[in-house]
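Scroll down for the structure; my scribbles are underneath it.
This is a predicted model, so every value here is computed, not measured. Note on naming: letters A, B, ... go to the chains in the order of the sequence lines (proteins, then strands), and numbering restarts at 1 for each one.
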There are 2 protein chains.
Amino acid sequence: MADNAKGRERKPRITVKDLARDLNMSVSTVSRAFHPHAVIAQQTRDVVLKRAQEIGYRPNPFARSLITKKTRIVGLVVSDITNPFYPEVVTRMTEDLRAFGMNVMLVAAQAPKEIDDAVRLLLTYQPDLAIILASRLSPEVRDECEAQGTPVVFFNRLSEDDHCFGVSCDNRIGGAMVADFLIDRGHQRLAYIAARPDASTNVERRAGFVQRAIERGLEEPVCVEAGLFSYEAGYGAAAAFGALASRPDGVFCANDILAIGFMDGVRRELGLAIPEDLSVVGFDDVAMAAWPSHALTTVRQPVEAMLKSTVDIARKVSAQPAAEPFVQRIAPTVLVERQSTRNRHAD
Amino acid sequence: MADNAKGRERKPRITVKDLARDLNMSVSTVSRAFHPHAVIAQQTRDVVLKRAQEIGYRPNPFARSLITKKTRIVGLVVSDITNPFYPEVVTRMTEDLRAFGMNVMLVAAQAPKEIDDAVRLLLTYQPDLAIILASRLSPEVRDECEAQGTPVVFFNRLSEDDHCFGVSCDNRIGGAMVADFLIDRGHQRLAYIAARPDASTNVERRAGFVQRAIERGLEEPVCVEAGLFSYEAGYGAAAAFGALASRPDGVFCANDILAIGFMDGVRRELGLAIPEDLSVVGFDDVAMAAWPSHALTTVRQPVEAMLKSTVDIARKVSAQPAAEPFVQRIAPTVLVERQSTRNRHAD
DNA sequence: CTGAAAGCGCTTACAG
DNA sequence: CTGAAAGCGCTTACAG
């Protein structure tokens, strides 16, 4: 027991000094071995690194960042955790950033007010970059980031001002893809199930979808306002959909989780069959979309490319914090066809 | 443009020195104002804190932790992101820890090997505590945590050795609750759909369930091995279930996501009706369990209490790192009855 | 109760 | 190419 407790006492960490003494070198030299661009004899570096490995020395990132002003910490702010797209993205983002030695400090919160506070606490850790997943930042907090010199990237949202980076799918193109897909398969009356009216993703998917439908000579698709990106919102939208004068035969939902709720609502509340009575298309291609119960046809977000772009930004601002922000929109290329849609030309 | 770029340069941060000069005090005094237990005149503290607020000074946590050896960073290791229980827990945990000024550094990874590397990187940041959600840690990495004096808590898993804290639901009791629930409602032939054989959650839920069924005079429940905690595993288990000689009328699945997959498989592959042909019970009570499409009866994990216990540990080890580890098992108290089960006494 | 000084573990000009 | 020294932004004995 006593032994046990003793084992858990915070052991004094091995420091540069220890390693320098061990190697009979100066701390300067030892330190240089850990910096790829530092001027040091290759042989010396090898010796240092080897010995460090042996005795388990790793530079203290806090002491280091006190001088370099770099923390290798990336703040990740996520609020909409009910959308399975985000856990998937968070996991991959964490892995990808780690591959470049960057650690993720997570800020998850529900209320916008909480987000603000959380970001402020995050800022005291001087992250090299803050990544905002699908939420808003109050203008004040945005300014605080700027004042502190922390670059911000909005992921999967249109950046609202030109002080921030933005990485997102080209949602207009995605919306148009869906319209083409449905029209090519003989659908005549299209509908859009809308989510948050203030989300760029919702607005753009809708615009691309509606515009393409009109371009191709269909009537303007009817819109049902579900209000949120959630299962419940989709389920609830089924009632309003059922009340439409003439029933659409092709429905595009703002994202997958909304589509899945909508499908369940349509089936259980309206007693309609999918895809016999109507086709349903989503957006994201979350893992759940492939489940046999829904087999949702959907636009796959170019997550790989979006993550790569984000990691590139992280590396760039890490080297050069004053880099000029830009917005990158990546066109989706894959529409995964499953059993929630069918070809109506046969009718 | 030039203006823009200039605005983004990392501004020199306000330091104690700046604030001390501004207030005509020594840095020592200013510093003390930020430490609740420090000896300082109340009036002085008020003045300092007020002025700090005004000019936006916040102590640099890195510089601070260099001396205190406390980082207020909690490492959160999560691997099984396909189970919606974890995103929910991660969000709440992050919020709850933040309420005590602790930040979460997230380590998400798929492969065990990756986890090891990720935890090593995490360790260089000297987290005050590492919380492991439902994954394993290789013995070597466990030793590295110990060597560095970083306490470890296993969340929702039985701690495997007495060097680590453990916080989990009492899964035996939970399993027994399910058996009682089904038996009380007239079910005669019980079955268990098993997930990872090496997970304590799976093993204990099964044991509690089987034992109680036997105690109450039923035949030993049959077990179907699904192998994993996933939708796909549950869906796949339906086939084996359908091949059983005599069909069970009450099924307990190792957790919700497995149950949801199982229900879909049973309905689509076997053409059986739930709850008419069989009742299905899950474990966790994730948000998805309440969706109308599944309306899953399930044991609610005592998440509140589990989180509270975890945060308490975080605060305790933060004050006294050598605290003796313990394992806390919290009995579940709520079994949420929905429409995936019914009363068979009427038959 | 407050201040001057040392020091946490590093990095980086500056000499040599 | 290497070392001695200064300093990053704090905290904390130690005096007073």
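Secondary-structure annotation of DNA chain D gives the stems C:1-3 with D:14-16, C:5-12 with D:5-12, C:14-16 with D:1-3, with a stem taken as at least 3 successive Watson-Crick or G-U pairs whose two distances both fall under 3.5 Å.
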Can you check each nucleotide of nucleotides 11-16 of chain D against protein heavy atoms at under 4.0 Å and return B for base, S for sugar-phosphate only, - for none, in 5' to 3' order?
BBB---
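Among the atoms of the strands shown, none is found under 4.0 Å from any heavy atom of B/S65. At a threshold of 4.0 angstrom between heavy atoms, the contacts of B/R58 are confined to the sugar-phosphate backbone, with no base atom among them.
The separation between B/M25 atom CE and C/dA4 atom P is 13 Å, rounded to whole Å.
Ring planes of A/F62 and B/F62: parallel class, angle under 30° (limits at 30 and 60°).
In this structure, the side chains of B/P127 and B/V74 stay at 4.5 Å or more apart for every pair of heavy atoms. B/L97 is not listed as a side-chain neighbour of B/N103, based on a closest heavy-atom distance of 4.5 Å or more. For the pair B/T44/B/M25, a side-chain contact is recorded, criterion being any heavy-atom separation below 4.5 Å from C-beta on. Between B/C145 and B/L123, some side-chain heavy-atom pair lies under the 4.5 Å cut-off.
The side chain of A/T44 sits closest to D/dT2 out of D/dC8, D/dC10, D/dT2.
Aromatic rings of B/F165 and B/F326 (six-membered ring for Trp) have centroids within the 6.0 Å cut-off, being under it.
Under a 3.5 Å cut-off, the side chain of B/D18 and the backbone N or O of B/T15 do form a donor-acceptor pair.
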